[in-house]
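What you are looking at is a predicted structure, and each value in this text was computed from that prediction instead of being measured. The chains referred to below are lettered A, B, ... by the order of the sequence lines, with proteins before strands, and numbering in each begins at 1.
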2 protein chains.
Amino acid sequence: MKQFHEYQNPSLAVDLVVFGYHDNTLSVLLLNRREEPFKDCWTLPGGFLQMNETFRDTCSRILKTKVGMDNVFLEQLYSFDDLQRDPRGRVIAVGYYALINPARFSIIAGSMANDVKWFNVRKMPALGFDHREIFQLALQRLKSKILYYPVGFELLDELFTITELHELYECILQTTIDRRNFRRKILDAEYIINTGTKREGLQNRHPELYRFNRKLKKNNFQININIS
Amino acid sequence: MKQFHEYQNPSLAVDLVVFGYHDNTLSVLLLNRREEPFKDCWTLPGGFLQMNETFRDTCSRILKTKVGMDNVFLEQLYSFDDLQRDPRGRVIAVGYYALINPARFSIIAGSMANDVKWFNVRKMPALGFDHREIFQLALQRLKSKILYYPVGFELLDELFTITELHELYECILQTTIDRRNFRRKILDAEYIINTGTKREGLQNRHPELYRFNRKLKKNNFQININIS
DNA sequence: GCAAAAGTGTTAACGCTACACCCATGG
DNA sequence: CCATGGGTGTAGCGTTAACACTTTTGC
């Protein structure tokens with residue numbers, strides 16, 4: 001029998017769909033490649049797995065080195081194994097998506113010049129490799145996840161108003177949701193806690209500030225959408 | 001820069017959770033290993049990915065050679081990348097689950113002697129590697145999938161009665177579901193088509209036979225469970 | 001006719017949608 | 001005191017859960 005690592009194995013990469021929410025817009029972080037293949041094309045940030053790394057480790061390393069982010073929400077999406085997906089050879093990619101609050105990091109089209117840029121998810125450029133497929137799966141996953149799991153908090157500040165959370169939901173789901181029904185749903189589910197403080201300095205009534213309830217009980221949560 | 005495949009890469013394997021339904025019991029196919037590691041332990045069927053294969057190809061090859069099955073429902077579960085998950089070295093496994101109708105295949109504890117056996121999912125033995133984790137994720141996925149997608153048909157015969165489908169749901173979800181409400185839900189969703197024929201030779205009223213409607217419209221399907 | 005399972009109908013309770021209304025704030 | 005958005009309440013509708021009843025078959 002052959003020794004274990006004498007078999008030829010495909011290369012293993014991680015590709016990241018990094019979602020950020022800012023100014024009522026859901027965006028994804030893209031890199032403009034300097035090298036072939038897909039030179040000068042936009043692609044998802046990604047990198048190869050090293051022997052002593054888990055996928056999460058690789059994701060963290062990429063996020064840290066390429067875009068200066070740390071300690072973010074990460075979830076595995078799917079593994080992409082098409083034989084032709086990388087012109088350099090057999091590369092299998094494990095897709096992950098990350099949710100980050102752009103306000104926490106300073107690289108909004110910053111340090112890496114034109115290399116790194118946020119793109120509105122509704123105005124995506126052509127992507128290299130099979131990254132469009134990965135991106136679309138990530139967006140779809142985010143849409144369904146937010147309906148039954150409190151994932152939106154990763155995209156907002158520590159303290160937020162219900163209106164801000166409401167706008168986030170409308171933005172991600174691309175629908176209108178009744179403001180008052182949304183409020184009741186979210187409060188009933190006990191996903192958020194009233195901090196007692198209010199957002200000051202607005203022209204009108206100061207809304208109450210909430211934070212995410214990390215000790216939530218059960219999955220008694222289901223946003224229903226009104227399509228109109 | 002190094003050539004592409006000179007990097008050392010982890011080995012890539014596929015592990016399969018093969019579900020079968022028979023006699024009102026949901027079962028999983030396990031193999032008793034002849035070799036180290038985990039010699040004489042029960043494990044999920046699995047195998048290494050070859051350079052010219054997709055994961056699905058690998059799954060099909062394993063199903064065909066190890067248990068003689070062909071052309072079955074397959075879905076990717078998750079990729080397992082713990083550094084220590086295989087004592088032989090770094091092996092990354094992509095979990096898949098399959099749904100099969102045991103009646104279609106003859107290897108119910110057959111050709112491979114004591115090697116291959118169905119286990120009731122409620123009475124699983126200890127499993128080698130991290131296979132218990134993979135199995136549990138598969139079972140959980142099946143449970144949630146069956147609530148919104150007509151996946152149960154893969155486990156039944158071509159023609160089936162509503163009662164049989166109902167029993168399948170109760171078995172997988174481990175609850176009781178009101179017979180009459182279940183019938184209405186399933187019929188309203190138009191997931192099944194009345195064939196006009198009836199199951200003959202029973203002691204009581206002959207139930208109508210249905211088959212799966214492959215041209216279903218939309219995801220207007222949601223089984224709700226009554227826990228009692 | 002009886003037992004057992006299949007098929008059909010009904011009702012009451014609940015949850016959701018679609019609203020109207022009041023409140024707080026700055027200008 | 002007006003404009004603007006935040007906060008609260010509620011009526012009506014639709015869906016669902018929880019049932020009872022009838023039908024068909026073999027013995």
So which heavy atom on A:Arg141 is nearest to which on A:Leu77, and how close? NH2-O, 2.7 Å
Rounded to the nearest Å, what distance is computed from the [atom1] atom of residue [X] to the [atom2] atom of nucleotide [N]?
X        : N      : atom1 : atom2 : value
A:Arg179 : C:dC16 : CZ    : P     : 19 Å
A:Glu200 : C:dA24 : CD    : P     : 14 Å
B:Ile177 : D:dC19 : CD1   : P     : 17 Å
A:Asn181 : C:dA18 : CG    : P     : 8 Å
A:Leu202 : D:dG5  : CG    : P     : 11 Å
A:Arg180 : C:dC16 : CZ    : P     : 17 Å
A:Arg199 : C:dA24 : CZ    : C1'   : 17 Å
A:Phe182 : C:dA18 : CZ    : P     : 16 Å

Under 4.0 Å, heavy atoms only, any strand: does A:Thr163 hit a base, just the sugar-phosphate, or nothing?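 Answer is sugar-phosphate: A:Thr163 comes under 4.0 Å of backbone atoms only.
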For B:Ile162, report the nucleic acid contact type (base, sugar-phosphate, nothing); a contact means any heavy atom under 4.0 Å.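 Nothing: the residue B:Ile162, judged by heavy atoms under 4.0 Å, touches no strand.
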Could you go through the side-chain hydrogen bond (donor to acceptor under 3.5 Å, both in side chains) check for A:Asn194 and A:Glu208 one step at a time? CA-CA 7 Å; A:Asn194 194 326; A:Glu208 293 170 356; 2.8 Å; yes
Hey, is the main chain of B:Leu156 close enough, under 3.5 Å, to the side chain of B:Asn101 for a donor-acceptor pair?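 Present.
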When you check the phosphate oxygens OP1 and OP2 of D:dT23, does a side-chain N or O of B:His206 lie under 4.0 Å from one of them? no
If you compare every side-chain N and O of A:Arg183 against the phosphate oxygens of D:dT8 (OP1, OP2), does one of them come in below 4.0 Å? yes
Can a donor-acceptor pair under 3.5 Å be found between the side-chain atoms of A:Arg205 and the base atoms of D:dA3? no
Choosing from C:dA5, D:dG5, D:dG7, which nucleotide comes nearest the side chain of A:Asn204?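 My answer, after comparing the listed nucleotides, is D:dG5.
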More 5' along DNA chain C: B:Gln203 or B:Arg184, using each one's nearest nucleotide? B:Gln203
Quick one, B:Tyr21 with B:Phe19, criterion ring-ring contact (aromatic ring centres under 6.0 Å, His included). Give me CA distance, side-chain angles, the key distance, then yes/no. CA-CA 7 Å; B:Tyr21 177 75; B:Phe19 288 110; over 10 Å; no
Check: A:Thr195/A:Thr197 side-chain N/O donor and acceptor closer than 3.5 Å: yes
